[in-house]
Novice: 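Quick one: structure below, then a few questions.
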Amino acid sequence: MEGSSSSPSLSAHDERDHDPRRDALIERRQQLTDELAEDCYNLILYLERAVVHSELGYPDLAAGDAYRALLLTDEVREEGQEYHHEATAALKKYSTTPHPDVLRHGSLTDGQAPGDPEPEPEQLAGLASTRCFQILSLSLFLCGCLRSAYDFSEKGLRAASDNSELLQIRDYIEQVARRKLRMAPDEPVDFRTLPDRGLVRREIYPWNIHEPDRFSDESLSLLNEKLATVAPKCEVKVSCLPVLLEGESDTDDYEIIPTCNQLGLFAKEDIAPGEAVLQEYSLLTASNRLKESTCDACGETLPPLQLDTQAVNCPECYDTVFCDQDCFDKAQEEYHPAVCDKDIDSIAKDPEARESDDALYLLLLARLLAMSTHQEIHPLEVSQIKYIWGDFLTTESNALDLSVNAGPPPEWTLPFSFKYNIETPLHILEKMDIDIYATLDSHDLWVFNTAYSKFRGTASARKNPYDGRPDLAAVHPYWCLANHDCNPNVEWEWGGRMTLFARKTRVVGNAPGGIKAGEEILNHYCDVNLSVQDRREWARGSLGGWCMCQRCRDESAAAARAGN
C-alpha cells in the first residue's frame, strides 16, 4: 500500500478547526522566511525562526535553523571565512543595546550592566553561539537524538561553563540516558553509546506549495502519458486503500475498516502469468560502496573492466563510470554537471552496517539535489519524486497541542538524525559550490524531510550478495505507484531497469497468477515471506503505520484467536 492514514489532498489550506495561536506562529514563520530571502546571512533571523519552529512543535526544524545560525557565528568571528563580510554586515544592524529579544533569554546576558558599551559583531556572535547551543541541544534532545544533543550541550558549556540552561539540558539528557540504559542514578554514562536517531513529523508542511493535486485530471493525464511508454497495459487511477494503523488494534477481523484514497496502477487488459508489466529506467539511484563497479547513472552492475567494451568514463572526473554512452548522455542532461569533479564521491560511502540504510537515503537526497541544481528547479518539483506520496499525516494530527490542558503528544514516524538530516546534506551542498544561505528556499530542512518521507516509503534496494547489507537504492516513480500488498500479484527485478512481472502463483494458497483487466497491480515493498508481525514492523518504519492488507489482517486475527 502506497497509502497512509490520511487523504493525499491534505494541505494547510484544506484543514479546519485552526488553532489561532498556531496560525499566528505560522504567519510569523513566513515573515521571517521572507526576511531571510532578502537578508540570507542574518543569523539573528535564523535564531528567531528557530524559536518559532520550537513553539510550533518542530524541534527538528528548530535545530536546523540553530545550526545554520551557529555556522554564521563562525563566519563572523573568523575573518578568512567565505561569508565573513556578509555575515558581519548583517550582525552590525544589531550592534546597539539592548540586545535582540532572541538573545535576551534566561541567563544568557547575565553579568552585562545596562551601561556596558555597545556590543561589537564579534561579541554578539559569541553570545549568539551560546544561544545556538541551547536550541540545538534541547531540540535534538526532544527529537530523541541524545548523543548529538549531549555533544552540543558540552560544546556550549565549554564556551559558557556556568550557563544554567545548558547545565539543565545536560542534566535532562543524563536522566533520560540512565533510564534508557537502566543505570543507577549515580552511575557514569558513556555518552558515545547513546541513541542518535529519533523520530519527527511526517507531513505536508503548511508552507509547502510544491505538492501537486495528484487526483486532478491534469495530474492523471501527465502520469498516464509517461506510463504508456513503460507499462503500456496499465493506467494510473485512484485506488481505495485501508488506512495504516499506528500500532496493534483489535480491528483485524472487522468487516469494515477505515480507508483512504491513493493513486494506483491498474491493468487495462489481461496480463499473463510471467509477463512483464512494467519496465522503467531511473537516474534517481545511489550506491553506498566507495569502489563498487556500478553505473553512476542507473546502478547497473558493470562487468570486469577487461570485458566491458561499452563502459564510458567521465572525461572530467575519470573515476565516474557509466554503462554506456546512453547512460552518460542522460546523466549529463539531468544531474552529473552539478557534481562533476566536486570531491563528493566518498561522502557516506562504506558506512557501518547499522547506518547502511540511512547512507543510501542520504545519497538519494544528494542525487536529487544534483538533479534540481542542474535542471534549475526546486527539489520537490523534480519529476522523479513530484507525484510520490510520502505517507504524510495532516499538520493538525501531527501537531503538538499548545493548550494548557494538552494531552500526550502525537507519535511521529519520520526517522531523523542530526548527521543525516542536517549536517551532511549541508556539507554536500557546500561541496557542490552551492551557497546554503542564499538558496534557503530550495534547501531548507523541511525540503530534505519531505524528500526523505517520499524515499522511505518507495525506494527499492538491493543487498550485497557477500555481506547481505543494502548497498544500492533507487526511486522508480511509476514502479512505486503500484501499491504494496503482502499478497502481491507481481514480483520485481532491478538491474539497470526496474521490471515488474505478473506472478505465476500468488503467495496466499499458491493461487494462480496473472492479472485480469481492471484489477489493481499489487506490488511488494518488503519480504513477503516474513511473519505478519515483522511485515507490520517494517511498514511502520517505512510507510508510517502498520500494514492493513487482507493477508496481514487475516493472519493477525488468526494468531489472536489461537492465542485466546
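Quantities reported herein were computed from a predicted structural model and do not represent experimental measurements.
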Novice: For Leu369, does its backbone N or O pair with a side-chain atom of Thr373 as donor and acceptor, under 3.5 Å?
Specialist: yes
Novice: Both conditions, 6.0 Å and 45 degrees, for the charged tip of Arg367 above the ring of Tyr335: are they met here?
Specialist: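 Checked: cation-pi criterion met.
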Novice: For this output row, return yes or no: ring centroids of Phe191 and Tyr150 closer than 6.0 angstrom.
Specialist: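 Yes, close enough.
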Novice: Assess whether a salt bridge exists between Asp343 and Lys431, defined as any Lys/Arg side-chain N lying under 4.0 Å from an Asp/Glu carboxylate O.
Specialist: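 Salt bridge: yes.
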Novice: Does the gap between the ring centers of Tyr58 and Tyr205 come in under 6.0 Å?
Specialist: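 Yes, close enough.
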Novice: What is the ring orientation for His378 with His210, classed by angle as parallel under 30°, tilted 30 to 60°, or perpendicular over 60°?
Specialist: parallel
Novice: Nearest 0.5 angstrom please: Leu140 CG to Cys145 SG, how far?
Specialist: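 Taking CG in Leu140 and SG in Cys145, the distance rounds to 5.5 Å.
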Novice: How far apart are the C-alpha atoms of Glu520 and Ser239, what are their side-chain angles, what is the distance that settles it, and do they pass the side-chain hydrogen bond (donor to acceptor under 3.5 Å, both in side chains) test?
Specialist: CA-CA 8 Å; Glu520 183 169 2; Ser239 173; 2.9 Å; yes
Novice: Shortest non-hydrogen contact from Asp485 to Val528?
Specialist: O-CG1, 4.5 Å
Novice: Can a salt bridge be assigned to the pair Arg197 and Asp358 using a cut-off of 4.0 Å between side-chain N and carboxylate O?
Specialist: yes
Novice: For Asp65, is there an ion pair with Arg29 - N to carboxylate O distance below 4.0 angstrom?
Specialist: no
Novice: Within the 4.5 Å heavy-atom criterion, are Asn449 and Leu414 side-chain neighbours or not?
Specialist: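 Side chain of Asn449 against side chain of Leu414, heavy atoms only: contact under 4.5 Å found.
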Novice: Run the side chain to side chain contact (heavy atoms under 4.5 Å, CB included) test on Cys234 and Phe266 for me, step by step, so that the C-alpha distance in whole Å, both residues' side-chain angles and the decisive distance to 0.1 Å come before the verdict.
Specialist: CA-CA 5 Å; Cys234 297; Phe266 291 79; over 6 Å; no
Novice: Could you verify whether a donor N or O on one side chain and an acceptor N or O on the other, from Asp196 and Ser148, lie under 3.5 Å apart?
Specialist: yes
Novice: Of all the heavy-atom pairs spanning Glu316 and Cys340, show the shortest one and how long it is.
Specialist: CB-SG, 3.2 Å
Novice: Between the main-chain N or O of Tyr387 and the side-chain N or O of Arg214, is there a donor-acceptor pair closer than 3.5 Å?
Specialist: yes
Novice: Considering only NZ, NE, NH1 and NH2 on the basic side and carboxylate oxygens on the acidic side, decide whether Lys454 and Glu211 come within less than 4.0 Å.
Specialist: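 Yes.
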Novice: Given the rule in the side-chain hydrogen bond (donor to acceptor under 3.5 Å, both in side chains) test, do Glu334 and Gln384 qualify, once you have shown the distances and angles that lead to the verdict?
Specialist: CA-CA 11 Å; Glu334 293 205 25; Gln384 282 85 345; 3.2 Å; yes
Novice: Work out which heavy atom in Leu302 is nearest to a heavy atom in Cys295; give both atom names and the distance.
Specialist: CG-N, 3.8 Å
Novice: Spell out, as yes or no, whether a donor-acceptor pair under 3.5 Å connects the side chain of Tyr452 to the backbone of Tyr420.
Specialist: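 Yes, Tyr452 side chain to Tyr420 backbone: donor-acceptor pair under 3.5 Å.
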Novice: Does this structure show an ion pair linking Lys349 with Asp471, if we count only N-O contacts that are shorter than 4.0 Å?
Specialist: no
Novice: For Tyr437 and Tyr83, I'd like to know if the aromatic rings sit close, meaning centre-to-centre distance below 6.0 Å.
Specialist: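 That pair passes the under 6.0 Å test.
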Novice: Distance-only, no hydrogens or angles: does the Ser531 side chain make a donor-acceptor pair with backbone N or O of Asp534 under 3.5 Å?
Specialist: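 Side chain of Ser531 to backbone of Asp534, a donor-acceptor pair under 3.5 Å: yes, one is there.
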Novice: Please lay out, stage by stage, how Asn288 and Asp350 fare under the test side-chain hydrogen bond (donor to acceptor under 3.5 Å, both in side chains).
Specialist: CA-CA 6 Å; Asn288 62 22; Asp350 293 341; over 6 Å; no
Novice: For the backbone of Asp213 and the side chain of Ser219, can you confirm whether one donor and one acceptor N or O come within less than 3.5 Å of each other?
Specialist: yes
Novice: Judged by modelled atom types alone, do Ser442 and Thr439 share a side-chain donor-acceptor pair under 3.5 Å?
Specialist: no
Novice: So, do Leu223 and Leu263 sit near enough that their side-chain heavy atoms are less than 4.5 Å apart?
Specialist: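 When only atoms from C-beta onward are counted, Leu263 and Leu223 do touch, with a gap below 4.5 Å.
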Novice: Hey, does the side chain of Asp60 reach the backbone of Val200 with a donor-acceptor pair shorter than 3.5 angstrom?
Specialist: no
Novice: Can Glu235 and Lys268 be counted as an ion pair, charged N to O under 4.0 angstrom?
Specialist: no
Novice: Could you tell me if the ring centre of Phe322 sits under 6.0 Å from that of His336?
Specialist: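 Yes, close enough.
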Novice: Measure across Ala297 and Tyr281 and return the closest heavy-atom pair with its distance rounded to 0.1 Å.
Specialist: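 Shortest heavy-atom separation between Ala297 and Tyr281 comes out as CB-OH, 4.0 Å.
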Novice: Between Asp151 and Arg147, does any side-chain N to carboxylate O distance fall below 4.0 Å?
Specialist: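 No salt bridge links Asp151 with Arg147.
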Novice: Check whether more than 12 heavy atoms from other residues, nucleotides or ligands sit under 6.0 Å from atom CG of Asp217, and answer yes or no.
Specialist: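 At most 12 heavy atoms, drawn from other residues, nucleotides or ligands, come within 6.0 Å of this atom.
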Novice: Would the distance check show the side chain of Glu75 and the main-chain N or O of Leu72 forming a donor-acceptor pair, the cut-off being under 3.5 Å?
Specialist: no
Novice: Do the side chain of Asp324 and the main chain of Cys327 share a donor and acceptor less than 3.5 angstrom apart?
Specialist: yes
Novice: Short question: side chain of Arg551, backbone of Asn487 - any donor-acceptor pair under 3.5 Å?
Specialist: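 Between the backbone of Asn487 and the side chain of Arg551 there is no qualifying donor-acceptor contact (under 3.5 Å).
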Novice: Looking at Glu355 and Lys419, is there a salt bridge between them, counting it only when a charged N and a carboxylate O are closer than 4.0 Å?
Specialist: yes
Novice: Taking all non-hydrogen atoms of both residues, which atom of Leu290 and which atom of Ser346 are closest, and how far apart?
Specialist: CD1-CA, 3.8 Å
Novice: Indicate the atoms forming the closest heavy-atom contact of Ile135 with Ala62, along with that distance.
Specialist: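 Closest pair (atom of Ile135, atom of Ala62, distance): CG2-O, 3.9 Å.
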Novice: Flag the pair Phe141 / Leu146 as yes when at least one side-chain heavy-atom distance between them is below 4.5 Å, and no otherwise.
Specialist: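 Answer yes - side chains close enough.
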Novice: May I ask you to decide if the ring planes of Phe418 and Tyr67 are parallel, tilted or perpendicular, using 30° and 60° as cut-offs?
Specialist: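 Answer is perpendicular, since the angle exceeds 60°.
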Novice: Look at Arg497 together with Glu300 and state whether they make a salt bridge at an N to O cut-off of under 4.0 Å.
Specialist: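 Looking at Glu300 together with Arg497, the answer is no, because their closest N to O distance does not fall below 4.0 Å.
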Novice: Could you work out, with side chain to side chain donor-acceptor pair (under 3.5 Å) as the rule, every residue matching Glu79, not counting sequence neighbours?
Specialist: none
Novice: Without swapping roles, check the side chain of Trp492 against the backbone of His524 for a donor-acceptor pair under 3.5 Å.
Specialist: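 Between the backbone of His524 and the side chain of Trp492 there is a qualifying donor-acceptor contact (under 3.5 Å).
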Novice: Is the shortest side-chain heavy-atom distance between Val339 and Thr320 below 4.5 Å?
Specialist: no
Novice: Tell me, please, whether Trp412 has Arg202 positioned over its six-membered ring: NZ or CZ under 6.0 Å from the ring centre and within 45 degrees of its axis?
Specialist: no
